[in-house]
Amino acid sequence: MPNTARWAATLTLTAAAVCGPLGGSALANPAHATQTAETRPATSQAHATPAHATPALAPSGLYAPSALVLTMGHGETAATVTPERAVTLNCAPTPSGTHPAAYDACAELRAVNGDLDALTLRDGALCTRQFDPVVVTVEGVWRGKRVAYERTFANECVKNSYGTSFFTF
């Protein structure tokens, strides 16, 4: 295979992997997207218009990756804690992952532009003053930027009352 063909194949596969699948009417009626004069019904060939292939819908654009791993363990620092729970959260192109409320957690992150310190105690949250420290770590990528975050909460109730859903796992 010549180098030009290899580059074309590589770029095509890369674009498909990065941009994702096609959407919209390109999937609803794929035969329409590639109709030519040879494949059109005879009634439409009677018109004197040139035959052109209709371009398929392309994805709306590239997105910066947003994939995070959240862990939780009892203790005061992440260095001394064994993670007891871990969830994944992917926010681009659509919310997904093992986080129990992925859609809400992504919406909450978007609202604070990825600033995890901006997630504050919810109004009306009632928790005991029991000191049983819980450490949450967040590592990964948010909108193309590396994230390495650690926060210690007084107990699990306090952890769950910060924000609406991000720390609730």
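Numbering of residues begins at 1 and proceeds along the displayed sequence. Just so it is clear, the structure is predicted and the values come from calculations on it, not from any experiment.
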Quiz prompt | Stepwise side chain to side chain donor-acceptor pair (under 3.5 Å) test for T77 and T80 | solution = CA-CA 6 Å; T77 65; T80 61; 3.1 Å; yes

Quiz item: If two hydrophobic side chains count as joined below 4.5 Å and joins carry through other members, does V81 share a cluster with V87?
Solution: no

Practice problem: Could you tell me whether a side-chain N or O of R122 sits under 3.5 Å from a main-chain N or O of G163, the two making a donor and an acceptor? | Solution: yes

Self-check item: Any donor-acceptor N/O pair, E84 side chain to H74 backbone, under 3.5 Å
Solution: yes

Self-check item: Side-chain donor or acceptor of S66 paired with backbone N/O of R143 under 3.5 Å
Solution: yes

Quiz item: If you take all heavy atoms of S161 and C127, which pair is closest and at what distance?
Solution: OG-SG, 4.2 Å

Self-check item: Joint hydrophobic cluster, Y103 plus L119, side-chain heavy atoms closer than 4.5 Å
Solution: no

Quiz prompt | Taking every non-hydrogen atom, the tightest pair across E76 and V135 | solution = C-CG2, 3.5 Å

Quiz prompt | Smallest separation among heavy atoms of N160 and F167, with atom names | solution = OD1-O, 3.5 Å

Self-check item: Minimum-distance pair of heavy atoms, taken over all atoms of V134 and K159
Solution: CG1-CD, 3.8 Å

Self-check item: Heavy-atom pair with the smallest gap, counting every atom of T88 and T98
Solution: N-OG1, 2.8 Å

Quiz item: What's the spacing between L68 CG and H99 NE2 if we round to 0.5 Å?
Solution: 9.5 Å

Quiz item: Just by modelled atom types, is the T71 backbone N or O under 3.5 Å from a matching donor or acceptor in the R85 side chain?
Solution: no

Quiz item: Checking E150 side chain against A78 main chain: does a donor-acceptor pair fall under 3.5 Å?
Solution: yes

Quiz item: Just how far is it from atom OG1 of T120 to atom OH of Y162, taken to the nearest 0.5 Å?
Solution: 7.5 Å

Quiz item: Backbone N or O of C157 within a donor-acceptor pair of the N155 side chain at under 3.5 Å?
Solution: yes

Quiz item: Among the clusters formed by ILVMFWY side chains lying less than 4.5 Å apart, do L70 and V141 turn up in the same one?
Solution: no

Quiz item: Are any of the side-chain heavy atoms of C91 and W142 separated by less than 4.5 Å?
Solution: yes

Quiz item: Minimum heavy-atom separation for L89 to A105, with atom names?
Solution: CD2-CB, 3.9 Å

Self-check item: Distance, nearest 0.5 Å, that separates CD of E139 from OH of Y149
Solution: 13.0 Å

Exercise. Could you grab the distance from atom CG of D104 to atom OG1 of T168, nearest 0.5 Å is fine?
Key: 10.0 Å

Exercise. May I ask whether V69 and L116 are part of the same hydrophobic cluster, defined by side-chain heavy atoms of I, L, V, M, F, W, Y residues being less than 4.5 angstrom apart, directly or through others?
Key: no

